[in-house]
Structure formats: C-alpha cells, structure tokens
Amino acid sequence: MRYLPVSLDTFEKKILILGGGYLALSALKTVIDTEAEIYMIADSFTKDIVKKSEESDGKIKLKEHQIEKDFKFMGFDYVLIATEDFELNEALEKRAHGRNMIYQRFDIFSKSLMSINKSVERGPLTFSLNSSRLNPTITDIIFEDLKEFSQKYNLEKLNILSEIRSELVRKNSQNIDEIISKLYESETINLSTFLEEMPEYKIEDLKSSEDLLNHIEKGSEINLERESSLEDDQIIKKNLDDAKNFSRDKDLDRSDLNLESFHDLDKFKK
C-alpha cells in the first residue's frame, strides 16, 4: 500500500488548483465539500467551474492567468496540479516536489505526495474510497454502494456511545472497549438511560458495567458503589492501595504523597 489513508485538516486551509478544464473540474469535485478556501488559476475556465464558483458564496476563487513552466506558487497548504498540458504538469510537479509541498497530480500519479480519496460523510463518520487504481466508471459504481452502506448506522446511537466513552475515560475505567462493544451490540438496553445513570456510580471494570446494565435492563438490584459516597480519605486510601498493587514499594502511606503542597490548586477543580 503506497498511500496511507489519513484525514487532512482543511479548516482555515488554502487549496490551489492549477488548471481550468475538465481535469481541473474533477480535482475541484474532490475538495469542494471541505472547509478550505479554494483558489483556481488558469488561462480560462469551463462553464461548470464558473457556475460552481458563482454558487460557492466566495469559497471558490477564480483567476485567469497564463501558467508557465516556471510558474511560482507559494502560500498554499495543498496544491492540485490539473492542467490539460502533460509537459506543463510535469514541470509544475517538479517545482512542488522540490519545495516539499503537499500536492497531487491529476493526469498521472507520478510522485504525488497525497492521494485524495472519494469520500462520503455521515454525521461523525467519514467513509472513503481510494480510486487511484480504478477507472472512474467502476469507482462511481462502488462509491454508490458505499453511500448506501453508510446509511445502516444509527447516528443517535453512535453519538450516545461517544458520550458514554467520554464518561468512562473520566472515571478512569478499565475494559472501556469491551464495555462500548457490549453496549453497541445490545438491542434492549436504553443507551440514554445508561448515560443518565452512570455518572452516579463507579464504573471500574466490565463487571461493574454489567451490574448497571442488568439494573437498567432487568430491574435487578444494583451493587455498585456511588461515586458521591466516597470521602476524600477513602479515595486517598483506594489510590494508595492501587499504587501498591502496581509498585514494588509496599510501604507507601499518606505522608509520602506530600498532599499539603497541593492545597493551593483549587483553581484546577471543576
């Protein structure tokens, strides 16, 4: 695998597209839904590009200018080389490569430093298809299948699970992945109820999460310790016990923690 699938940040970024023909239109379509400002330079532009620019509310900026082989382009985060002239693209690629710019060449891949995937975004999910080794027709067919596949996921469920995971991380819980997997697979548990109930309890491991699950799902008696029931001394003792379990120093006590030096740090408390 030559190109590693990654996500490039486009917030407050500038993308330069060199070219104004159908190849440049193809390049434009790959980035038009990003949050970047898009600048296009060419001696002329197709009607489709002009129309997309007019409808973009200033996002897509066009400049008619003759591009020569020694054309200088600086101040852009990503460069897409897409003129209709093969030799010109070759020269522009050498210039971009020599300046370590992140670029993609759209007539051939050659030494492109990135490969923009064809992507569909659904809520917090982004599905992408790298089509560099497929012809465009086959890519479009597979991409339609990918869009249909993305509809199978319940976004409300995914968002609630993300909130639950954040709460588990806050609690320094163990077995977080197993807990989230169990919740995702459960068809009967009310995730909203679980999210509302869990802040009051110590969810330390898979067993304690199952206790809360059974309490919500079946009404069984809950044996979990409430977080608010722990006094400061109990918390310190528990942390010391945990530290002893993971440390070779078995003689730790409260005085070793030098807690008095932290008394002036109230500003860090929520």
Side-chain angles (χ1 to χ4, degrees), residues 1-56 58-121 125-143 146:
M1 181 172 65
R2 177 177 173 184
Y3 290 101
L4 181 67
V6 297
S7 297
L8 294 174
D9 185 14
T10 61
F11 178 67
E12 294 186 342
K13 296 293 191 296
K14 292 180 174 61
I15 295 175
L16 173 64
I17 300 177
L18 296 170
Y22 292 107
L23 200 60
L25 176 61
S26 177
L28 175 61
K29 288 178 179 178
T30 65
V31 295
I32 196 169
D33 292 326
T34 67
E35 295 186 23
E37 288 184 306
I38 300 171
Y39 296 79
M40 300 188 71
I41 300 176
D43 55 0
S44 62
F45 298 96
T46 66
K47 292 180 179 179
D48 287 336
I49 291 178
V50 173
K51 181 179 179 182
K52 288 185 179 298
S53 176
E54 292 172 346
E55 296 173 347
S56 72
K59 176 186 176 75
I60 303 170
K61 301 172 178 61
L62 307 182
K63 180 179 180 180
E64 291 189 355
H65 182 81
Q66 186 71 35
I67 302 175
E68 304 291 346
K69 291 183 179 180
D70 60 351
F71 181 77
K72 296 179 176 60
F73 42 91
M74 298 178 64
F76 297 95
D77 298 287
Y78 312 120
V79 178
L80 309 185
I81 301 171
T83 79
E84 306 297 316
D85 185 330
F86 183 89
E87 291 185 2
L88 178 57
N89 289 342
E90 186 80 11
L92 295 172
E93 178 183 21
K94 288 180 180 179
R95 183 170 290 275
H97 192 267
R99 286 161 175 72
N100 293 319
M101 300 188 74
I102 301 176
Y103 74 94
Q104 179 174 334
R105 182 173 167 181
F106 273 75
D107 52 354
I108 60 171
F109 271 103
S110 192
K111 298 182 290 294
S112 294
L113 295 184
M114 68 174 176
S115 173
I116 300 176
N117 294 348
K118 196 174 177 67
S119 303
V120 56
E121 190 172 62
L125 301 174
T126 300
F127 300 84
S128 65
L129 175 65
N130 189 314
S131 58
S132 61
R133 289 179 288 182
L134 288 175
N135 71 60
T137 303
I138 301 300
T139 298
D140 290 341
I141 293 172
I142 296 175
F143 188 67
L146 186 61

Heavy-atom pair of closest approach, residues [X] and [Y]:
X: S119; Y: T126; value: CB-CG2, 4.1 Å
X: A96; Y: I81; value: CB-CD1, 4.5 Å
X: F106; Y: A82; value: CB-CB, 4.0 Å
X: T83; Y: L88; value: OG1-CD2, 3.9 Å

Atom pair [atom1]/[atom2] of [X] and [Y] - distance to nearest 0.5 Å:
X: M101; Y: D77; atom1: CE; atom2: CG; answer: 8.5 Å
X: E55; Y: I60; atom1: CD; atom2: CD1; answer: 9.0 Å
X: L92; Y: K69; atom1: CG; atom2: NZ; answer: 10.0 Å
X: I32; Y: S56; atom1: CD1; atom2: OG; answer: 7.0 Å
X: L28; Y: I49; atom1: CG; atom2: CD1; answer: 6.5 Å
X: L146; Y: T139; atom1: CG; atom2: OG1; answer: 11.5 Å

Are any of the side-chain heavy atoms of [X] and [Y] separated by less than 4.5 Å?
X: M114; Y: L80; answer: yes
X: R95; Y: K72; answer: yes
X: L25; Y: K52; answer: yes

[X] atom [atom1], neighbour heavy-atom count above 12 within 6.0 Å:
X: E87; atom1: CD; answer: no
X: K61; atom1: NZ; answer: yes
X: F86; atom1: CZ; answer: yes

Is the side chain of [X] donor-acceptor paired with the backbone N or O of [Y] at a distance under 3.5 Å, no angle test?
X: E93; Y: R105; answer: no
X: D9; Y: F11; answer: yes
X: K59; Y: T34; answer: yes
X: E84; Y: G19; answer: no

> Yes or no on side chain to side chain contact (heavy atoms under 4.5 Å, CB included) for T10 and V31, after CA distance, side-chain angles and deciding distance?
Replying inline: CA-CA 9 Å; T10 61; V31 295; over 6 Å; no
> Name the one of Y78, F73, F76 that satisfies ring-ring contact (aromatic ring centres under 6.0 Å, His included) with Y39?
Replying inline: F76
> When the ring planes of F71 and H65 are compared, do they come out parallel, tilted or perpendicular, using 30° and 60° as the limits?
Replying inline: tilted
